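Note sheet for the following structure.
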Amino acid sequence: MANTLLINARSYETRVALVENGQVVEVYVERHKQGSLAGNIYAGRVARVLPGMQAAFVDIGLTKAAFLYVSDVHEEPDLSELVPGEAPPQRPSRGETPPRIEALLREGQELMVQVAKEPLGNKGARITCHITLPGRNLVFMPTINHVGISRRIEEEIERGRLRSLIQEMRPAAQGFIARTVSEGQDADKLKAEMDFLCSLWDAIVRRRESATIPSLLHQDLSVSLRAVRDLFTREVDHLVIDCRAEYQQVVDFVSAFMPRLLPCVELYTGGEPIFDAFGVEPELARALGRKVWLKSGGYVVIEKTEALTAIDVNTGRYVGGHNLEETILKTNLEAVKEIAYQLRLRDIGGLIVIDFIDMERESNRAKVVAALKEALARDRSKTNVLGMSALGLVEMTRKRVRESLGESQSEPCFYCDGVGFIKDTTTVCYEIFRTLERELKGSSAPAVDVRVNPRVAEVLLQEERYALEELESFLGLTIHVLPDGELHREHFEIRPFHPR
């Protein structure tokens with residue numbers, strides 16, 4: 001089945017879905033009032049240096065200061081005096097003691113930085129001084145003297161050819177990485193893109209010379225064009241877009257950088273919304289759920305915490321055959337495929353801990369870990385999987401650049417404040433009783449109004465009626481229970497009545 005790239009573009013939001021063999025594997029959403037920051041280049045000013053953390057806060061004009069680690073800093077010369085083609089000083093080589101942040105930066109110092117990670121939660125954006133400018137076939141690294149080849153290009157002869165071409169054509173002491181789609185490209189095409197990226201960098205440097213601080217120097221492509229640049233490869237047979245204006249931009253981009261793929265670009269004109277027509281919407285709804293069912297009857301639970309993402313595997317309704325170990329192994333192997341799929345679809349990054357069902361045989365544990373690594377092989381984000389512990393836990397990491405799908409599409413519950421649970425009505429009733437006793441014992445007030453959520457009021461006046469009357473007798477006052485639909489179920493208001 002063909003692989004398809006779908007773009008649903010509207011004035012308020014653009015959504016991109018990559019469909020492989022009929023299954024949605026990657027989704028990107030960009031809301032235009034927010035916009036994406038990753039890849040943007042800013043002229044910023046150091047707001048604070050933190051020697052204890054070997055990092056600094058940098059004002060780049062956003063609501064929160066951006067965070068810069070010492071490993072992402074280089075000693076930046078005055079770029080207005082930099083000879084064209086000359087690279088900034090490099091980081092220390094292995095074995096050398098790296099410089100400390102306070103030796104590299106000072107408060108008030110001006111820097112050119114790039115957003116490496118979007119602001120996530122309460123954290124500001126993570127930035128780097130090591131700028132990268134991605135093209136279709138190459139990634140330009142003007143501050144690093146390095147030539148790299150995508151690890152997905154496996155043929156050694158092709159790797160050597162690309163390395164030799166780049167070494168021969170690149171400006172002195174500036175770096176390039178050959179992307180996966182560069183495989184088989186001729187020298188003229190690579191040289192043209194190299195010249196384009198170098199001229200783009202020169203324009204950014206010139207812009208910085210007259211820019212106010214802080215300010216945006218370069219904005220990365222829109223999510224539609226980023227998707228075309230990064231996802232529209234030989235493995236994608238079809239690109240379908242449902243907005244005529246966006247379609248024209250994509251056609252212009254493809255004509256300039258990948259004309260061979262122009263016949264594969266199509267304007268969608270069907271009556272049904274594009275994501276419904278291709279079956280994407282149901283998968284998006286499923287990707288926001290906590291529990292994911294497996295075909296066998298088992299299920300996977302995905303829980304996001306502040307520090308990590310925890311994934312739990314359960315047999316659920318699956319009872320297997322006659323052998324318990326075989327049943328568990330089959331469930332774990334089925335879960336592996338679903339977990340790899342969900343990580344990619346939801347774009348979950350950072351530290352991930354997977355709790356597989358316990359297996360007695362070491363060989364079965366090894367099978368599960370090997371299957372997980374194999375299932376993650378198609379993931380474009382870098383992953384690192386450790387072995388399985390004696391408790392059946394697998395720790396892994398996945399590179400994180402932007403908010404996950406769940407983080408971008410949802411928010412903590414305003415009712416439970418993200419805890420996932422609220423106090424039951426009986427617990428709230430008893431808290432009310434204790435508060436009344438604490439605050440009104442010995443009071444001269446003849447009565448008190450207790451304003452509560454209607455569900456709590458119902459329990460107070462029915463199931464807890466006897467306890468309420470007993471408390472009235474103990475305190476020597478009348479308690480009026482007043483339902484208030486505006487109140488949170490855990491909240492209540494006590495207002496003593498004092499006669500004039």
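Just so you know, these numbers come straight off a predicted model, no measurement behind them.
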Got a sec, which residues hit salt bridge (Lys or Arg N to Asp or Glu O under 4.0 Å) with [X], two or more places apart in sequence or on another chain?
X: D379; answer: R398
X: R400; answer: E407
X: R48; answer: none

Do you see a donor-acceptor pair shorter than 3.5 Å between the side chains of [X] and [Y]?
X: D242; Y: N8; answer: yes
X: N40; Y: Q219; answer: no
X: T309; Y: E303; answer: no
X: T128; Y: Q114; answer: no
X: E283; Y: Y341; answer: yes

Who pairs with [X] by side chain to side chain donor-acceptor pair (under 3.5 Å), at least two apart in sequence or on another chain?
X: H146; answer: none
X: Q248; answer: D252
X: E102; answer: Q54, R100
X: D220; answer: R229

Looking only at heavy atoms, which two atoms of [X] and [Y] are closest? And how far apart?
X: P214; Y: G44; answer: CB-CA, 4.5 Å
X: T132; Y: M141; answer: CG2-CG, 3.9 Å
X: V24; Y: G279; answer: CG2-O, 4.4 Å
X: V115; Y: I127; answer: CA-CG2, 4.1 Å
X: A375; Y: A340; answer: CB-CB, 3.6 Å
X: D347; Y: S381; answer: OD1-OG, 4.5 Å

Margin query: Salt bridge or not between R15 and E30? Use side-chain N to carboxylate O under 4.0 Å.
Written below: no
Check: Between E26 and R380, is the closest basic N to carboxylate O distance under 4.0 Å?
Finding: yes
Next item on the list: Kindly determine whether L386 and V394 satisfy side chain to side chain contact (heavy atoms under 4.5 Å, CB included), including the steps that lead there.
Entry: CA-CA 6 Å; L386 304 182; V394 172; 5.8 Å; no
Margin query: Applying salt bridge (Lys or Arg N to Asp or Glu O under 4.0 Å) as the test, list every pair that has at least one member in residues 259-272; sequence neighbours left out.
Written below: none
Checklist line | Pairs where residues 167-194 contributes a residue and the test ring-ring contact (aromatic ring centres under 6.0 Å, His included) is met, not counting sequence neighbours | finding: F140-F176
Note to self: With ring-ring contact (aromatic ring centres under 6.0 Å, His included) as the rule and sequence neighbours excluded, what pairs involving residues 228-265 come up?
What the structure shows: F196-F257, F253-F257
Notebook entry, point to check: Above 12 or not: heavy atoms from other molecules or residues under 6.0 Å from CZ of R244?
Noted result: no
Note to self: Is it true that, when you exclude K399 itself, more than 12 heavy atoms of the residues, nucleotides or ligands shown sit nearer than 6.0 Å to its NZ?
What the structure shows: no
Keeping the roles fixed (side chain from [X], backbone from [Y]), state whether a donor-acceptor pair exists under 3.5 Å.
X: E193; Y: R136; value: yes
X: S255; Y: P259; value: no
X: D237; Y: N3; value: yes
X: R152; Y: T180; value: no
X: Q23; Y: E20; value: no
X: R179; Y: V139; value: no

Considering only heavy atoms from C-beta outward, does the side chain of [X] approach that of [Y] to under 4.5 Å?
X: I131; Y: I144; value: no
X: L111; Y: V46; value: yes
X: M388; Y: V368; value: yes
X: L138; Y: L197; value: yes
X: L50; Y: I101; value: no
X: N332; Y: V336; value: no
X: L133; Y: I41; value: yes
X: R344; Y: R378; value: yes

Notebook entry, point to check: Partners of F67 by ring-ring contact (aromatic ring centres under 6.0 Å, His included), sequence neighbours excluded?
Noted result: F57, Y69
Show the atom names and distances, to 0.1 Å, of all donor-acceptor pairs under 3.5 Å that link a side chain in residues 156-169 to residues at least two apart or in another chain.
from	atom 1	to	atom 2	distance (Å)
E158	OE1	R161	NE	2.9
E158	OE2	R161	NH2	2.9
E158	OE2	G184	N	2.7
R159	NH1	S150	O	2.8
R159	NH1	I153	O	2.8
R161	NH1	Q185	O	3.1
R161	NH2	Q185	O	2.8
R163	NH1	V147	O	3.0
S164	OG	G160	O	3.0
Q167	OE1	R170	NE	3.2
Q167	OE1	R170	NH2	3.1

Next item on the list: Let me see the working for R10 and E13 under salt bridge (charged side-chain N to carboxylate O under 4.0 Å, His left out), right down to the final yes or no.
Entry: CA-CA 5 Å; R10 292 294 179 266; E13 179 184 69; over 6 Å; no
Next item on the list: For the pair V16 and L5, evaluate side chain to side chain contact (heavy atoms under 4.5 Å, CB included) and give the outcome as yes or no after the intermediate values.
Entry: CA-CA 7 Å; V16 177; L5 187 62; 3.8 Å; yes
Roughly how far, to the nearest 0.5 Å, is [atom2] of [Y] from [atom1] of [X]?
X: I311; Y: K304; atom1: CD1; atom2: NZ; result: 11.5 Å
X: F356; Y: I328; atom1: CZ; atom2: CD1; result: 13.0 Å
X: E338; Y: L294; atom1: CD; atom2: CG; result: 6.0 Å

Note to self: Run D202 and R206 through salt bridge (charged side-chain N to carboxylate O under 4.0 Å, His left out) and show every step you take.
What the structure shows: CA-CA 6 Å; D202 291 340; R206 288 194 302 271; 5.1 Å; no
Notebook entry, point to check: Do V300 and K291 pass the side chain to side chain contact (heavy atoms under 4.5 Å, CB included) test, and can you show the C-alpha distance, the side-chain angles, and the key distance before you say yes or no?
Noted result: CA-CA 6 Å; V300 172; K291 183 183 289 188; over 6 Å; no
Note to self: L239 vs C264, test: side chain to side chain contact (heavy atoms under 4.5 Å, CB included). Steps then yes/no.
What the structure shows: CA-CA 6 Å; L239 189 158; C264 302; 5.7 Å; no
